[in-house]
A.B. asks: 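Mind having a look at this structure? Questions to follow.
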2 protein chains.
Amino acid sequence: MSGALKDAAIRVERPAKTLRELALDKVREAIVNGYFRPGDRLVERDLCAQLGVSRTVVREVLRHLESEGLVANLPNKGPIVAQLDIDEARQIYEIRGALEGMAARLCAERGSPEIVAALEESLAAIRNSYRDHDMAAVLANTSSFYQTLFTMVDRHVAWGVVNLLTVRINHLRSMTIKTERRGIEGPLQMSKIIDAIRRGDGEGAQRAAMDHVAAASAIAEAVLSAQKPAE
Amino acid sequence: MSGALKDAAIRVERPAKTLRELALDKVREAIVNGYFRPGDRLVERDLCAQLGVSRTVVREVLRHLESEGLVANLPNKGPIVAQLDIDEARQIYEIRGALEGMAARLCAERGSPEIVAALEESLAAIRNSYRDHDMAAVLANTSSFYQTLFTMVDRHVAWGVVNLLTVRINHLRSMTIKTERRGIEGPLQMSKIIDAIRRGDGEGAQRAAMDHVAAASAIAEAVLSAQKPAE
DNA sequence: AATCGTATTATGGCCTACCAAATACTGTAG
DNA sequence: CTACAGTATTTGGTAGGCCATAATACGATT
């Protein structure tokens with residue numbers, strides 16, 4: 001196993017991603033950052049033209065995004081960007097709470113100083129990003145914080161699930177982060193998670209992580225229900 | 001919303017599934033029930049011939065299964081049936097524990113007699129299937145039990161996640177179920193879940209659900225580590 | 001005989017072109 | 001103004017072909 005790890009460290013980052021992967025990233029990007037709005041139709045041939053690739057590739061990309069939940073396929077009408085459903089968002093936050101709570105508990109129970117150090121580093125980066133009002137960086141560093149939480153205890157599958165779900169609520173996340181008091185409360189709640197982990201309090205770490213997600217969920221819900229009637 | 005629900009209840013099960021969906025189910029089936037073994041190469045053109053469909057469809061199916069985790073894609077070598085990793089299996093069981101525990105707790109907290117009734121019905125079906133030694137039915141009814149747990153409290157997203165993860169360990173499940181004492185202990189643990197839900201004990205329901213998954217996980221691990229050295 | 005190139009094959013990645021069926025649109029006749 | 005017929009749009013699916021790469025087999029050379 002350590003041999004495999006060593007190999008992985010050496011291995012050259014394959015620069016030759018397939019066209020399909022590039023196209024996938026582009027379209028996902030476009031959906032997540034709002035270039036394609038929820039409900040927009042994704043016409044195959046238009047996408048072919050915009051991406052400069054063939055239908056074969058576009059179709060595979062659309063299938064992939066469909067299974068990610070970013071694209072919905074109306075029968076006999078074709079794919080559209082998935083609508084954001086307030087109830088679905090709530091469920092996603094709930095699942096994140098359960099899984100991130102689990103990860104936090106495991107971190108606490110392991111009681112390794114390196115975990116605490118890594119998390120504190122992430123948190124510092126988040127605070128810096130808030131200070132600079134660089135919201136894209138806040139988002140990235142928050143992801144990194146949670147990634148640390150999962151990967152330090154080798155829960156790659158759970159991290160994958162969380163990641164998968166998170167892209168579906170990405171624009172919500174970017175809105176909750178911009179909320180007034182979030183820049184102070186968010187890091188505060190995260191530091192509570194770290195504190196609990198540091199003192200090996202699994203129960204407390206789990207609760208703190210769930211609280212943090214619950215707070216984000218509450219803000220998201222407020223944002224969403226304030227926005228829906230407007231449309 | 002209630003209108004949509006009524007429609008959904010009425011709507012005829014669209015018999016005109018696309019060829020793609022049919023092919024997807026066939027290949028998934030073939031992987032899950034062992035017709036394709038882990039590590040087997042899935043050669044596009046061969047699959048075309050076997051399924052009687054074009055490469056376009058086959059490729060889309062392979063992409064989809066890849067994002068489900070049933071198929072792995074080796075660069076420059078093509079798709080193979082994903083290998084079952086013991087650590088990954090453990091993680092999947094752990095996630096199921098977290099989510100099914102959450103669902104059980106929610107069921108208990110809702111305190112609706114219909115939930116208890118529905119779960120008891122499922123459990124009875126499982127017991128019958130065990131009595132008849134119909135293991136396929138045991139598996140189906142067990143899924144149905146958990147589906148009830150999730151859908152009665154409208155957690156469709158979480159159910160989707162569990163389902164997605166479960167196909168990856170399906171053959172493990174079918175082995176754990178055949179284990180000697182499982183036919184008695186499994187239903188016993190499930191009835192404990194129901195008992196806790198009936199008396200509105202959220203904490204207890206969650207713990208009972210997690211215990212049940214943990215037991216399955218332990219058996220799976222034993223089965224798997226007894227099997228691996230043989231190969 | 002061992003080794004070093006070189007054809008051949010197998011296969012995935014990608015493309016173009018085509019057809020059928022369903023849907024949406026549009027213009028005209030009554 | 002309505003009903004209907006025709007037309008365009010778009011997906012679902014097929015066929016086949018081109019190219020690049022990896023592996024294998026096959027010689028040729030030393």
Side-chain angles (χ1 to χ4, degrees), chain A residues 7 10-28 30-31 36-83, chain B residues 7 11-31 36-83:
Chain A
D7 285 353
I10 292 281
R11 177 163 303 137
V12 55
E13 189 72 22
R14 177 171 48 121
K17 288 221 271 189
T18 67
L19 202 53
R20 201 181 61 238
E21 291 170 288
L22 295 175
L24 176 61
D25 289 344
K26 278 258 189 261
V27 178
R28 192 195 286 113
I31 292 177
F36 293 127
R37 311 283 294 274
D40 280 3
R41 294 191 60 182
L42 297 171
V43 178
E44 286 182 8
R45 280 160 174 99
D46 293 356
L47 282 177
C48 291
Q50 291 184 54
L51 295 169
V53 299
S54 75
R55 262 185 88 200
T56 311
V57 170
V58 168
R59 289 181 59 154
E60 288 174 33
V61 166
L62 288 175
R63 286 328 143 211
H64 196 116
L65 292 173
E66 192 184 343
S67 71
E68 276 185 19
L70 274 181
V71 164
N73 220 333
L74 309 183
N76 292 324
K77 260 189 75 180
I80 63 172
V81 178
Q83 305 272 4
Chain B
D7 286 351
R11 177 164 302 139
V12 57
E13 190 71 23
R14 177 170 49 120
K17 288 221 270 191
T18 66
L19 201 53
R20 201 179 61 238
E21 291 170 286
L22 295 176
L24 176 62
D25 290 344
K26 278 259 189 259
V27 178
R28 193 195 286 112
E29 242 329 88
I31 293 177
F36 293 126
R37 312 282 296 273
D40 280 2
R41 295 191 61 183
L42 298 171
V43 177
E44 286 181 9
R45 287 164 172 94
D46 292 356
L47 282 178
C48 293
Q50 292 184 52
L51 294 169
V53 299
S54 72
R55 262 183 91 197
T56 311
V57 171
V58 167
R59 290 181 56 119
E60 285 174 340
V61 166
L62 289 175
R63 286 325 143 215
H64 196 115
L65 292 173
E66 193 184 342
S67 72
E68 276 185 18
L70 275 182
V71 164
N73 220 332
L74 310 184
N76 292 326
K77 261 189 76 179
I80 64 171
V81 178
Q83 305 272 3

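Here is the naming used below: chain letters follow the sequence lines, and residue numbers restart at 1 for every chain. Predicted model, so just to flag it, every value in this text is computed and none were measured.
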A.B. asks: With respect to the side chain of A:Ser54, which nucleotide from C:dG12, C:dG13, C:dT16 is positioned closest?
C.D. replies: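 The nucleotide sitting nearest to the side chain is C:dT16.
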A.B. asks: When the distance from CG of B:Leu51 to P of D:dA15 is rounded to whole Å, what number comes out?
C.D. replies: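 Spelled out: CG on B:Leu51 to P on D:dA15 is 13 Å.
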A.B. asks: Quick one: which residue pairs count as a side chain to side chain donor-acceptor pair (under 3.5 Å) with a foot in residues 44-55 of chain B, not counting sequence neighbours?
C.D. replies: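 Residue pairs passing side chain to side chain donor-acceptor pair (under 3.5 Å), neighbours aside: B:Glu44-B:Arg55.
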A.B. asks: Write down the protein N/O and nucleotide N/O pairs, taken from nucleotides 16-18 of chain D, whose separation is under 3.5 Å; answer none if there are no such pairs.
C.D. replies:
| residue | atom | partner | partner atom | Å |
| --- | --- | --- | --- | --- |
| D:dG17 | O6 | B:Arg55 | NH1 | 3.1 |

A.B. asks: Return the set of residues passing side-chain contact (heavy atoms from CB on, under 4.5 Å) with B:Asn73 (not counting sequence neighbours), or none when no residue passes.
C.D. replies: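 Partners of B:Asn73 by the side-chain contact (heavy atoms from CB on, under 4.5 Å) criterion, ordered by chain and then number, come out as A:Arg20, B:Arg63, B:Glu66, B:Pro79.
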A.B. asks: Five pairs per end, C1' atoms only: what is the angle between the end axes of the helix from C:dA1-D:dT30 to C:dG30-D:dC1, to 10 degrees?
C.D. replies: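 One end's axis against the other's: 10°.
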A.B. asks: Expressed as a whole number of angstroms, how long is the span from A:Glu21:CD to C:dG13:C1'?
C.D. replies: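 Computing the A:Glu21:CD to C:dG13:C1' distance gives 11 Å.
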A.B. asks: Does D:dG12 have OP1 or OP2 sitting under 4.0 Å from an N or O in the side chain of A:Arg63?
C.D. replies: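 So the side-chain polar atoms of A:Arg63 do come within 4.0 Å of the phosphate oxygens OP1 or OP2 of D:dG12, strictly under.
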A.B. asks: Let me spell it out: for each of A:Arg20 and A:Arg41, pick the nucleotide of DNA chain C with the closest heavy atom. Which residue's pick is nearer the 5' end?
C.D. replies: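 Nearest-nucleotide comparison on DNA chain C picks A:Arg20.
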A.B. asks: Quick one: A:Arg59 CZ to D:dA15 C1', roughly how many Å, whole number?
C.D. replies: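 After rounding, the gap between these two atoms is 14 Å.
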A.B. asks: Testing the basics here: between A:Ala82 and A:Pro38, what is the closest heavy-atom pair and its distance to 0.1 Å?
C.D. replies: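 Smallest heavy-atom distance, with atoms named: O-CB, 3.7 Å.
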A.B. asks: Between B:Asp40 and B:Arg37, does any side-chain N to carboxylate O distance fall below 4.0 Å?
C.D. replies: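 No, B:Asp40 and B:Arg37 are not salt-bridged.
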A.B. asks: Under the 3.5 angstrom rule, does the side chain of A:Glu21 hit a backbone N or O of A:Thr18 as a donor-acceptor pair?
C.D. replies: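 Side chain of A:Glu21 to backbone of A:Thr18, a donor-acceptor pair under 3.5 Å: yes, one is there.
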A.B. asks: Would you mind reading off the distance between A:Leu42 atom CG and D:dT10 atom C1', rounded to a whole angstrom?
C.D. replies: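 Interatomic distance, CG of A:Leu42 to C1' of D:dT10: 13 Å.
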A.B. asks: Report the residues that fulfil side-chain contact (heavy atoms from CB on, under 4.5 Å) with A:Ile80, sequence neighbours left out, ordered by chain and then residue number.
C.D. replies: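 A:Ile80 satisfies side-chain contact (heavy atoms from CB on, under 4.5 Å) with A:Arg41, A:Ala72, A:Leu74 only.
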A.B. asks: Atom CD of A:Glu44 to atom P of C:dA17: distance rounded to whole Å?
C.D. replies: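 To the nearest whole Å, that distance equals 17 Å.
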A.B. asks: Within the structure provided, determine whether B:Val71 and B:Val81 are in side-chain contact (heavy-atom separation under 4.5 Å).
C.D. replies: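 No; the side chains remain at least 4.5 Å from each other.
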A.B. asks: Can you give me the N/O atom pairs linking the protein to nucleotides 21-23 of chain D at distances under 3.5 Å, or say none if there are none?
C.D. replies:
none

